[in-house]
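Remarks on the structure that follows.
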Amino acid sequence: MATKKSAARPKPSPTSPPPGASGRRYWLFKSEPTSYGFDRFQRDGRTSWNGVRNYQARNLLRDEIHEHDGVLFYHSNAAPMAVMGIARVVRAGYADQTAFDATSPYHDPDSDPDQPTWFQVDIACVAPFAQPVTRDRLKAVPELRQMVLLQRGSRLSVQPVTSAEWRTILRLGGVEESW
DNA sequence: GCCAACGTTGGC
DNA sequence: GCCAACGTTGGC
C-alpha cells in the first residue's frame with residue numbers, strides 16, 4: 001500500500017517524452033540572442049546546433065532527437081525571455097564538428113572523431129510566432145506548470161516538451177497546428 | 001548585479 | 001568514492 005514515501009518529490013524525468021500522435025517528438029532549444037538569436041536563425045534558414053557541452057543534453061542530441069521532430073526556439077538571458085518560433089529537425093545526431101576545430105571556442109581535444117564525445121543536430125526554421133510567447137505568459141498557463149523549462153533550477157539547454165505542451169504553445173504563438 | 005541551483009574537478 | 005571548491009547557467 002502506498003505510504004508517505006511516495007510524497008518524496010517525483011522529479012519529472014527530463015528524457016523520453018512520449019511521442020505525439022504523429023510519432024514526432026518535441027523539444028525546446030535555448031539560445032541567448034546575443035550569441036545566436038532567432039532573427040539570425042530565420043535569415044540562415046538552417047543551422048547546426050553545436051557547442052552543447054552537457055552530458056544530459058548530449059544524450060538527447062545523440063539518442064533521442066530525430067529527423068522531423070519539432071523544436072521550440074527559446075531566448076534565454078534576454079528581454080524578454082520567450083519562445084520565438086518553431087523549427088524542425090532536419091538531421092539527427094552526428095559528431096559535433098566544433099569539438100574537432102582547434103580554433104573553435106568549443107574545441108575539445110578529448111573528443112575522438114571515431115568515438116565523439118559531443119553531438120549536434122541540424123534544424124531548419126519553420127515559422128516565427130506572430131508574437132513571441134514570453135516566459136511570463138508560459139508561467140501563467142496552468143497546463144504548462146510541468147514544463148521542464150519552468151521547473152526550479154532547470155538549466156538544460158536542450159529539453160523535452162510534451163505534445164500537449166507543444167500544441168498549447170503553438171496556439172499561444174498563433175501558429176497553425178499543421179506545419 | 002546577485003545568487004541559487006547545478007555540474008565538474010581534483011585532493012584525499 | 002567522497003565531498004569541498006570552483007565554475008557556469010540563467011532567472012530574478
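Below, chains carry the letters A, B, ... as their sequence lines are ordered, and counting in each starts from 1.
In this entry the distance linking CZ of A:Arg135 with P of C:dG10 reads 10 Å, nearest Å. The nearest whole Å value for the distance from the CD atom in A:Gln159 to the C1' atom in C:dG11 is 13 Å. The nearest whole Å value for the distance from the CD atom in A:Gln151 to the C1' atom in C:dG10 is 15 Å. When rounded to the nearest whole Å, the span between CG of A:Leu149 and P of C:dG11 equals 7 Å.
In this structure, the ring of A:Trp49 has its center less than 6.0 angstrom from the ring center of A:Phe73.
Minimum interatomic distance between A:Ala124 and A:Val90 (heavy atoms only, all atoms of both residues): CB-CG1, 3.7 Å. Pairing each heavy atom of A:Phe38 with each of A:His75, the nearest pair is N-NE2, 2.9 Å. Residues A:Tyr74 and A:Met81 come closest through the heavy atom pair OH-CB, 3.5 Å.
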Grab the N/O contacts between the protein and nucleotides 3-9 of chain C below 3.5 Å, and write none if there aren't any.
unit_1 : atom_1 : unit_2   : atom_2 : d
C:dT8  : O2     : A:Arg155 : NH1    : 2.7

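Residue pairs that meet the side-chain hydrogen bond (donor to acceptor under 3.5 Å, both in side chains) test with at least one member in residues 109-118 of chain A, sequence neighbours left out, are A:Asp108-A:Trp118.
Applying the salt bridge (Lys or Arg N to Asp or Glu O under 4.0 Å) rule to A:Arg53 yields the partners A:Asp96; only residues at least two apart in sequence or on another chain are considered.
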